[in-house]
Novice: 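Here's a structure for you.
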Amino acid sequence: MESTPMAKPNRRAQQSAETSALIISTARNLFMEQGFVPTTIEKLARECGVAVQTIYNSVGTKTQILSRIIDQAASGERAPASPLEFLAAELERTATPDDVATVLSAWFAEVNGRMAPVHKVLSDAAAVDPAAATLQRARDVQRFERYLAVPGLLRDRGGLQGGQQDEDVAALIWNTGHPQAYRFLVAERGWSSERYERWCHATLAGTFS
């Protein structure tokens with residue numbers, strides 16, 4: 001009997017989480033099939049069978065929904081863990097500069113396999129929607145700033161003997177692992193994911209030593 005008062009809040013929290021998950025899943029499908037701009041909040045609400053205000057209360061604006069979709073795609077089975085925090089932990093376990101290149105290359109191939117379709121939605125939206133453009137820039141800056149930590153890690157492992165600048169190294173990592181690079185090489189040029197991973201490793205390892 002004493003546990004009864006806690007049941008209703010827990011049930012409400014579960015229902016709220018389920019509603020948010022439904023909204024995000026439905027929005028992803030609509031964004032992929034119809035595009036970001038044609039998918040209005042009203043259309044999304046109809047597809048989900050909820051009120052428009054429920055969309056805003058549960059997840060937020062269309063751009064915030066897209067941001068959540070990107071997070072899910074990046075995290076994959078590790079959701080809701082932060083993908084960048086996971087990568088940082090993996091890099092800390094490395095022993096050599098080549099290990100660092102191996103971890104990053106495998107990460108880029110894995111994550112971009114999930115991210116490329118979502119990133120295309122973001123790129124298309126950013127071309128016509130100011131809020132989406134702001135999100136795209138924020139994501140690019142976030143990735144670049146995280147990669148600025150890699151040069152110090154490489155030096156601790158005996159790398160960067162050529163005296164490379166931190167920003168130069170971060171820029172190489174950022175550009176090599178960018179979802180757009182993956183999308184062009186794999187989706188458009190027909191590379192396999194394995195070939196892309198090997199290319200990433202060769203590109204990075206040559207600079208990291």
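Throughout, numbering of the chain's residues begins at 1 and tracks the sequence.
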Novice: Taking only residues two or more places apart in sequence, or in another chain, which ones meet His119 in a ring-ring contact (aromatic ring centres under 6.0 Å, His included)?
Specialist: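 Counting only residues at least two positions away or on another chain, His119 forms a ring-ring contact (aromatic ring centres under 6.0 Å, His included) with His178.
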
Novice: Rounded to the nearest 0.5 Å, what separation is found between the CZ atom of Phe208 and the CG atom of Asp98?
Specialist: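 Atom-to-atom, Phe208:CZ and Asp98:CG are 10.0 Å apart.
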
Novice: Using 0.5 Å steps for rounding, measure from the CG atom of Asp99 to the OG1 atom of Thr94.
Specialist: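 Reported value, rounded in 0.5 Å steps: 6.0 Å.
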
Novice: In Å, rounded to the nearest 0.5 Å, how long is the span from CD1 of Ile23 to CD1 of Ile55?
Specialist: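 So the CD1 of Ile23 and the CD1 of Ile55 are separated by 3.5 Å.
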
Novice: Which salt bridge (Lys or Arg N to Asp or Glu O under 4.0 Å) pairs, counting each pair once, include a residue from residues 20-48, with sequence neighbours left out?
Specialist: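 Found none.
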
Novice: Does the side chain of Gln53 pick up a donor-acceptor pair with the side chain of Asn57 at under 3.5 Å?
Specialist: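 On atom types as modelled, these side chains qualify, holding a pair under 3.5 Å.
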
Novice: Can Leu153 and Glu92 be said to form a side-chain contact (heavy atoms from CB on, under 4.5 Å), step by step?
Specialist: CA-CA 8 Å; Leu153 183 143; Glu92 284 296 331; 3.9 Å; yes

Novice: Just do the side-chain contact (heavy atoms from CB on, under 4.5 Å) check on Asn29 and Met32 with the steps written out, would you?
Specialist: CA-CA 5 Å; Asn29 291 337; Met32 295 292 186; 5.8 Å; no

Novice: Taking the six-membered ring for Trp, is the centroid-to-centroid distance between Phe108 and Tyr182 below 6.0 Å?
Specialist: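 Between Tyr182 and Phe108, which both carry aromatic rings, the centre distance is not below 6.0 Å.
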
Novice: Specify whether Phe31 and Phe36 have parallel, tilted or perpendicular ring planes, treating 30° as the upper limit for parallel and 60° as the lower limit for perpendicular.
Specialist: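 Rings of Phe31 and Phe36: tilted, as their planes differ by 30° to 60°.
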
Novice: How long is the span from the CD atom in Glu167 to the CH2 atom in Trp174, to the nearest 0.5 Å?
Specialist: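 Atom-to-atom, Glu167:CD and Trp174:CH2 are 12.5 Å apart.
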
Novice: Looking at Glu145 and Gln142, would you say the former's side chain and the latter's main chain have a donor-acceptor pair under 3.5 Å?
Specialist: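 Such a contact is absent between Glu145 side chain and Gln142 backbone.
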
Novice: Would Arg195 pass as a cation-pi partner of Trp191, given that its NZ or CZ must be under 6.0 Å from the six-membered ring centre and within 45 degrees of the axis?
Specialist: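 So Arg195 does make the cation-pi contact.
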
Novice: With sequence neighbours left out, which residue pairs that include part of residues 123-136 fulfil the salt bridge (Lys or Arg N to Asp or Glu O under 4.0 Å) condition?
Specialist: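 Matches after skipping sequence neighbours: Lys120-Asp124.
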
Novice: In this structure, are over 12 heavy atoms from other groups packed under 6.0 Å from Gln165 atom CD?
Specialist: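 Atom CD in Gln165 is not crowded, with 12 or fewer foreign heavy atoms closer than 6.0 Å.
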
Novice: Enter the distance from Tyr56:OH to Ile65:CD1 here, rounded to the nearest 0.5 Å.
Specialist: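 Answer rounded to 0.5 Å: 8.5 Å.
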
Novice: Checking Ser16 side chain against Arg12 main chain: does a donor-acceptor pair fall under 3.5 Å?
Specialist: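 Checked: no pair found.
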
Novice: Under the side-chain contact (heavy atoms from CB on, under 4.5 Å) criterion, do Arg139 and Asp71 qualify, and how do the steps go?
Specialist: CA-CA 10 Å; Arg139 292 282 175 160; Asp71 286 338; 2.8 Å; yes

Novice: Would you kindly confirm whether Val141 and Leu148 end up in one hydrophobic cluster when ILVMFWY residues are joined by side chain heavy atoms under 4.5 Å apart?
Specialist: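 No, it is not one cluster - the side chains of Val141 and Leu148 are not joined through contacts under 4.5 Å.
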
Novice: Just by distance, do the side chain of Ser25 and the backbone of Ala21 share a donor-acceptor pair under 3.5 Å?
Specialist: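 Between the backbone of Ala21 and the side chain of Ser25 there is no qualifying donor-acceptor contact (under 3.5 Å).
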
Novice: Report the C-alpha distance between Arg68 and Ser20 in whole Å, list the side-chain angles of each, state the deciding distance to 0.1 Å, and finish with yes or no for side-chain contact (heavy atoms from CB on, under 4.5 Å).
Specialist: CA-CA 10 Å; Arg68 291 276 293 273; Ser20 296; 4.3 Å; yes

Novice: Any chain of hydrophobic side-chain contacts (each under 4.5 Å) joining Leu22 to Leu44?
Specialist: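 Shared cluster, no.
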
Novice: Taking Ala74's backbone N and O only, do any of them form a donor-acceptor pair with Arg114's side chain (distance below 3.5 Å, no angle check)?
Specialist: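 Here the side-chain-to-backbone pair exists.
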
Novice: What distance separates Leu87 CG from Leu104 CG, expressed to the nearest 0.5 Å?
Specialist: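 Leu87 atom CG to Leu104 atom CG measures 6.0 Å (nearest 0.5 Å).
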
Novice: Closer than 3.5 angstrom, by distance alone: can the side chain of Arg189 be matched with the main-chain N or O of Phe184 as a donor-acceptor pair?
Specialist: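 No, the answer is negative, given that no donor and acceptor are paired below the 3.5 Å cut-off.
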
